[in-house]
Student: 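This is the structure, below, for whatever I ask next.
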Amino acid sequence: METLDHELSGNHLSVVHFWATWNNIDKAMDADLAAIRVGFDQEITFLCMDTDRKEAWDFIRACRVLNLPALGFFRGRSHVDTLVGLRERDVLTRKFRDWINQQKMNGEPDDARESPN
């Protein structure tokens, strides 16, 4: 949790992939993220969190991760959005672009919440 807290510090955009070793769908999400993240590495920090870690459960619940795989969107420590479920690469690419554009146009969205830690 300390590493995640450090990575989320500042005001940059981050995506946290919430995953579990027992969930085979997470492997597909990993492959999709690896394929598209190169195009976003200058604008988004990509992180991951094993949901089987008990010390992270409060944080995971606060991010509204109700199923796996899930992606949490953050601006600094502010939790902006959570996307639950596997999506096609083009859908993820559009989501990342839209999110980056929204952050550039509006700054921090009205519904952003401080990330629990």
Side-chain angles (χ1 to χ4, degrees):
M1 289 301 299
E2 289 177 31
T3 301
L4 181 66
D5 186 56
H6 174 72
E7 292 294 330
L8 293 177
S9 64
N11 199 35
H12 62 278
L13 305 179
S14 300
V15 172
V16 177
H17 174 201
F18 295 94
W19 61 276
T21 56
W22 48 264
N23 187 342
N24 289 328
I25 296 172
D26 284 320
K27 293 175 185 171
M29 176 68 86
D30 274 341
D32 290 342
L33 288 173
I36 64 174
R37 73 182 278 175
V38 174
F40 294 99
D41 273 345
Q42 297 299 314
E43 298 176 281
I44 299 174
T45 300
F46 289 87
L47 307 164
C48 61
M49 173 170 280
D50 181 355
T51 58
D52 286 335
R53 295 178 47 202
K54 282 187 175 184
E55 67 271 16
W57 287 356
D58 288 339
F59 176 79
I60 293 164
R61 277 191 287 271
C63 292
R64 298 182 316 266
V65 175
L66 304 175
N67 204 346
L68 298 176
L71 298 176
F73 294 82
F74 294 83
R75 180 175 191 147
R77 288 188 177 99
S78 295
H79 175 236
V80 178
D81 193 12
T82 299
L83 179 67
V84 177
L86 187 63
R87 302 290 196 283
E88 297 292 326
R89 289 180 187 179
D90 62 328
V91 172
L92 290 176
T93 299
R94 279 195 307 275
K95 175 72 173 172
F96 293 164
R97 283 191 189 125
D98 290 347
W99 180 54
I100 290 166
N101 291 335
Q102 176 189 1
Q103 298 302 304
K104 286 180 180 177
M105 288 178 12
N106 301 329
E108 193 167 4
D110 293 338
D111 64 346
R113 294 168 299 285
E114 183 71 14
S115 171
N117 254 3

Student: Kindly compute the distance separating CG (Asp98) from CE (Met105), expressed to the nearest 0.5 Å.
Tutor: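 It comes to 10.0 Å.
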
Student: Might you work through the side-chain contact (heavy atoms from CB on, under 4.5 Å) test for Thr51 and Leu68, ending with a clear yes or no?
Tutor: CA-CA 9 Å; Thr51 58; Leu68 298 176; 3.4 Å; yes

Student: For Arg37 and Ala35, indicate whether the former's side chain and the latter's backbone hold a donor-acceptor pair under 3.5 Å.
Tutor: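 Flag not set: sc Arg37 to bb Ala35 has no pair under 3.5 Å.
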
Student: Hey, can you tell me if Phe74 and Phe59 have their rings parallel, tilted or perpendicular (30° and 60° cut-offs)?
Tutor: parallel

Student: Carefully, step by step, assess Thr21 and Asp52 under the rule side-chain contact (heavy atoms from CB on, under 4.5 Å).
Tutor: CA-CA 8 Å; Thr21 56; Asp52 286 335; 4.1 Å; yes

Student: So how far is it from His17 NE2 to Leu33 CG, rounded to the nearest 0.5 Å?
Tutor: 6.0 Å

Student: Rounded to the nearest 0.5 Å, how far apart are CD1 of Ile36 and CD1 of Ile44?
Tutor: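 So the gap between those two atoms works out to 8.5 Å.
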
Student: So which heavy atom on Pro69 is nearest to which on Leu86, and how close?
Tutor: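 The answer is CG-N, 3.9 Å.
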
Student: Between Arg61 and Asp58, does any side-chain N to carboxylate O distance fall below 4.0 Å?
Tutor: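 Salt bridge flag = yes for Asp58 with Arg61.
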
Student: Can you give me the closest heavy-atom contact between Ala20 and Asp50, atom names plus distance?
Tutor: CA-OD1, 4.1 Å

Student: Using a strict 4.0 Å threshold on nitrogen-to-oxygen distance, state whether Glu43 and Lys104 make a salt bridge.
Tutor: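 Counted as a salt bridge, because a side-chain N and a carboxylate O are separated by less than 4.0 Å.
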
Student: Once salt bridge (Lys or Arg N to Asp or Glu O under 4.0 Å) is applied, what residue pairs with a partner in residues 14-36 remain, sequence neighbours excluded?
Tutor: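 Every pair satisfying salt bridge (Lys or Arg N to Asp or Glu O under 4.0 Å) with a residue in residues 14-36: Asp32-Arg89.
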
Student: Out of curiosity, does Met49 fall in the hydrophobic cluster containing Leu47 (side-chain heavy atoms, cut-off under 4.5 Å, transitive links)?
Tutor: yes

Student: Counting N and O atoms only, with roles assigned by atom type, does the side chain of His12 sit under 3.5 Å from a partner on the main chain of Glu7, one being a donor and the other an acceptor?
Tutor: yes

Student: Is Ile25 reachable from Val15 through a run of I, L, V, M, F, W or Y residues, each pair having side-chain heavy atoms under 4.5 Å apart?
Tutor: yes

Student: Could you walk me through whether Phe46 and Leu71 pass the side-chain contact (heavy atoms from CB on, under 4.5 Å) test, one step at a time?
Tutor: CA-CA 10 Å; Phe46 289 87; Leu71 298 176; over 6 Å; no

Student: Are Trp22 and Ile60 connected, step by step, through hydrophobic side chains (Ile, Leu, Val, Met, Phe, Trp, Tyr) whose heavy atoms are closer than 4.5 Å?
Tutor: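 They do share one cluster, since a chain of ILVMFWY contacts under 4.5 Å joins Trp22 to Ile60.
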
Student: Rounded to the nearest 0.5 Å, what separates atom CZ in Phe18 from atom CG in Leu83?
Tutor: 11.5 Å

Student: Rounded to the nearest 0.5 Å, what separation is found between the OG1 atom of Thr45 and the CG atom of Leu13?
Tutor: 8.0 Å

Student: When hydrophobic residues are tied together by side-chain contacts of less than 4.5 Å, even through go-betweens, does Trp57 share a cluster with Val65?
Tutor: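 Hydrophobic grouping puts Trp57 with Val65.
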
Student: Which word best sums up how the rings of Trp99 and Phe73 line up, parallel for under 30°, tilted for 30 to 60°, or perpendicular for over 60°?
Tutor: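 Rings of Trp99 and Phe73: perpendicular, as their planes differ by over 60°.
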
Student: Output yes when Arg94 and Asp90 qualify as a salt bridge under the 4.0 Å nitrogen-oxygen rule, no when they do not.
Tutor: yes

Student: Find the distance between OG1 (Thr82) and CZ (Arg64) and round it off to the nearest 0.5 Å.
Tutor: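 Rounded to the nearest 0.5 Å, the OG1-CZ separation comes to 5.0 Å.
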
Student: Got a sec: does the CD of Glu88 have more than 12 other heavy atoms crowding it under 6.0 Å?
Tutor: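 Counting neighbours around CD of Glu88, 12 or fewer heavy atoms of other residues, nucleotides or ligands fall under 6.0 Å, so no.
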
